[in-house]
Amino acid sequence: MSRVAILSDVHANYHALCAVAEDAHSVENCTEIACLGDIVGFNAHPLECLDYFRELNCIVVKGRHEQLLLDMEFSNIDPLAEASLQWTREKVTEEQLRWMASLPYQRIVRPEDGKGSPFIVTHSSLDQPRSWNKIASCSDAVHSMARQFANVAFCGHTHSPAVYISERQGVSELPCVTEEILMNGSVDIKIQSGCKYCINVGSVGQPRGAVMDACYAVYDTAEGLVRLKRVAYDVQAAQQAIVDSGLPIALAACLGPFEM
């Protein structure tokens, strides 16, 4: 596991997933993939995305949308999210549901080749993973990193890439991460000894902000280097798939400008 691609919030966007998987393999030379949950919801290809990770037999943790789908409890969620999960529940198989139910909330990953230190993968915060708390600020990161027993942890859930660093003087956010990815397509973070890093890898299937491209991370465990990057995919095809599926058309606009 010298280079691992870390994906989160695919949200049934198979077009984006395929583009990221191809980039991870052909461009970044990744040998492993880890998924941080929210494979389902919002988009039109939940079965294909679930089966991709099931067949790959890679590292996967449970996301909020998997739990919502299993519980069918939709209080206090966005109406569009509820509509997409109701639609998804009618599509998924019992075997897929059992697989989602088996997923852990977090995992410690130990590189099999012995190159690099163990790292943690989770969907939301480490302090209350079943409450689906978002890490969207330094104060959020403080609580999560108090439970982070590894130098590096990766999370998702907010759909926006971010890097939080814990040092002796406290927790700070690495500035201009989103802007640098926007300008250059990627940003590299060198893991320094003596620090803890909480890294949000953004979203593959429903990225937010000024750019429609999918976002994911590459972790070189031997070099101690994390790359956050964006990858272009066929947004229009993903939007058309939403329309053709019978999902609310408003979900197509969540991926970018859209006209019928």
Side-chain angles (χ1 to χ4, degrees), residues 4-13 16-17 20 24 32-43 46 49-50 52-54 56-74 76-78 81-82 84-85 88 92 96-109 118-137 140-150 152-164 196-208 214-219 226 228 254:
V4 54
I6 303 176
L7 287 55
S8 189
D9 298 275
V10 173
H11 283 301
N13 188 336
L17 174 58
V20 166
E32 300 282 349
I33 287 179
C35 175
L36 310 188
D38 273 11
I39 300 169
V40 299
F42 294 128
N43 290 293
C49 292
L50 285 167
Y52 174 86
F53 291 109
R54 289 176 64 221
L56 194 61
N57 194 28
C58 64
I59 299 157
V60 185
V61 294
K62 187 181 296 181
R64 185 187 183 214
H65 280 245
E66 282 80 59
Q67 193 65 64
L68 287 168
L69 194 65
L70 291 163
D71 295 342
M72 292 299 286
E73 171 53 56
F74 300 136
N76 299 318
I77 71 166
D78 181 271
E82 179 177 352
S84 72
L85 288 168
T88 300
V92 295
Q96 289 172 327
L97 287 169
R98 286 193 296 271
W99 180 78
M100 284 185 275
S102 73
L103 297 174
Y105 290 94
Q106 53 191 243
R107 281 187 63 175
I108 297 176
V109 182
F119 60 94
I120 299 172
V121 292
T122 186
H123 183 70
S124 57
S125 68
L126 291 171
D127 55 321
Q128 297 187 61
R130 300 187 187 194
S131 297
W132 309 112
N133 293 338
K134 293 182 177 180
I135 302 176
S137 67
D140 297 332
V142 166
H143 297 294
S144 183
M145 296 175 91
R147 300 288 299 172
Q148 182 178 319
F149 304 115
V152 180
F154 295 96
C155 65
H157 200 25
T158 69
H159 293 215
S160 298
V163 179
Y164 299 95
K196 285 184 182 179
Y197 293 78
C198 174
I199 301 175
N200 192 309
V201 302
S203 173
V204 170
Q206 199 187 64
R208 293 173 186 166
C215 190
Y216 80 110
V218 176
Y219 184 26
V226 176
L228 290 166
C254 294

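As a basis for the values below, the full set of heavy atoms in this structure was taken, side chains included, without hydrogen atoms, waters or symmetry mates.
- For the residue pair Leu36 and Gly156, the shortest heavy atom distance occurs at CD1-N, 4.1 Å.
- His159 places a side-chain N or O within donor-acceptor distance of the main-chain N or O of Gln206, the cut-off being under 3.5 Å.
- No side-chain heavy atom of Ile33 sits less than 4.5 Å from a side-chain heavy atom of Tyr216.
- Heavy atoms only, all atoms of each residue included: Phe42 and Ser84 are closest at N-OG, 3.0 Å.
- Relative ring orientation between His157 and His123 is described as tilted, the plane-to-plane angle lying within the 30° to 60° band.
- When atom types are taken as modelled, the side chain of Ser102 and the backbone of Trp99 share a donor-acceptor pair closer than 3.5 angstrom.
- Separating the CD1 atom in Ile108 from the CD1 atom in Ile59 is a distance of 12.0 Å, to the nearest 0.5 Å.
- Atoms CG and SG, from Leu17 and Cys49 in turn, are 5.0 Å apart once rounded to the nearest 0.5 Å.
- Scanning both residues, Leu69 and Val40, for their nearest heavy atoms gives CD2-CG2, 4.2 Å.
- When every heavy atom of Gly41 is checked against every heavy atom of Leu85, the shortest pair comes out as CA-CD2, 4.3 Å.
- Of all heavy-atom pairs spanning Ser8 and Val201, the tightest one is CB-CG2, 3.6 Å.
- Residues that satisfy the salt bridge (charged side-chain N to carboxylate O under 4.0 Å, His left out) test with Arg54, not counting sequence neighbours, are Asp51, Glu95.
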Worksheet item: Do Leu7 and Phe53 pass the side chain to side chain contact (heavy atoms under 4.5 Å, CB included) test, and can you show the C-alpha distance, the side-chain angles, and the key distance before you say yes or no?
Response: CA-CA 11 Å; Leu7 287 55; Phe53 291 109; 4.2 Å; yes
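- Between the Gln148 side chain and the Tyr197 main chain, a donor and an acceptor come within less than 3.5 Å of each other.
- Between atom CD of residue Gln67 and atom CD of residue Glu73 there is a gap of 11.0 Å, rounded to the nearest 0.5 Å.
- Residues Val163 and Ile199 meet the side-chain proximity criterion, which asks for heavy atoms closer than 4.5 Å.
- Of the possible polar contacts, one joining the Thr158 side chain to the Ser160 backbone as a donor-acceptor pair under 3.5 Å is found.
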Worksheet item: Taking it one step at a time, do Val109 and Glu32 satisfy side chain to side chain contact (heavy atoms under 4.5 Å, CB included)?
Response: CA-CA 11 Å; Val109 182; Glu32 300 282 349; over 6 Å; no
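- One distance of note links CG of Leu126 with SG of Cys198; it measures 7.0 Å at 0.5 Å rounding.
- Judged purely by distance below 3.5 Å, without hydrogens or angles, the side chains of Ser125 and Asp127 pair a donor atom with an acceptor atom.
- Atom OG in Ser131 sits 9.5 Å away from atom OH in Tyr105 (nearest 0.5 Å).
- Under the 3.5 Å distance criterion, the side-chain polar atoms of Glu66 are matched with a main-chain donor or acceptor of Ile39.
- Of the possible donor and acceptor atoms, one in the side chain of Asp38 sits under 3.5 Å from a partner among the backbone N and O of Arg64.
- Ser124 and Cys155 get closest at one heavy-atom pair: O-CB, 3.8 Å.
- A distance-only check finds a donor-acceptor pair linking the side chain of Asn13 to the backbone of Gly205 [under 3.5 Å].
- Between Phe154 and Phe119, the ring-plane angle classifies as perpendicular under the 30° and 60° cut-offs.
- Looking only at side-chain heavy atoms (C-beta outward), Asp140 and Asn133 stay at 4.5 Å or farther from each other.
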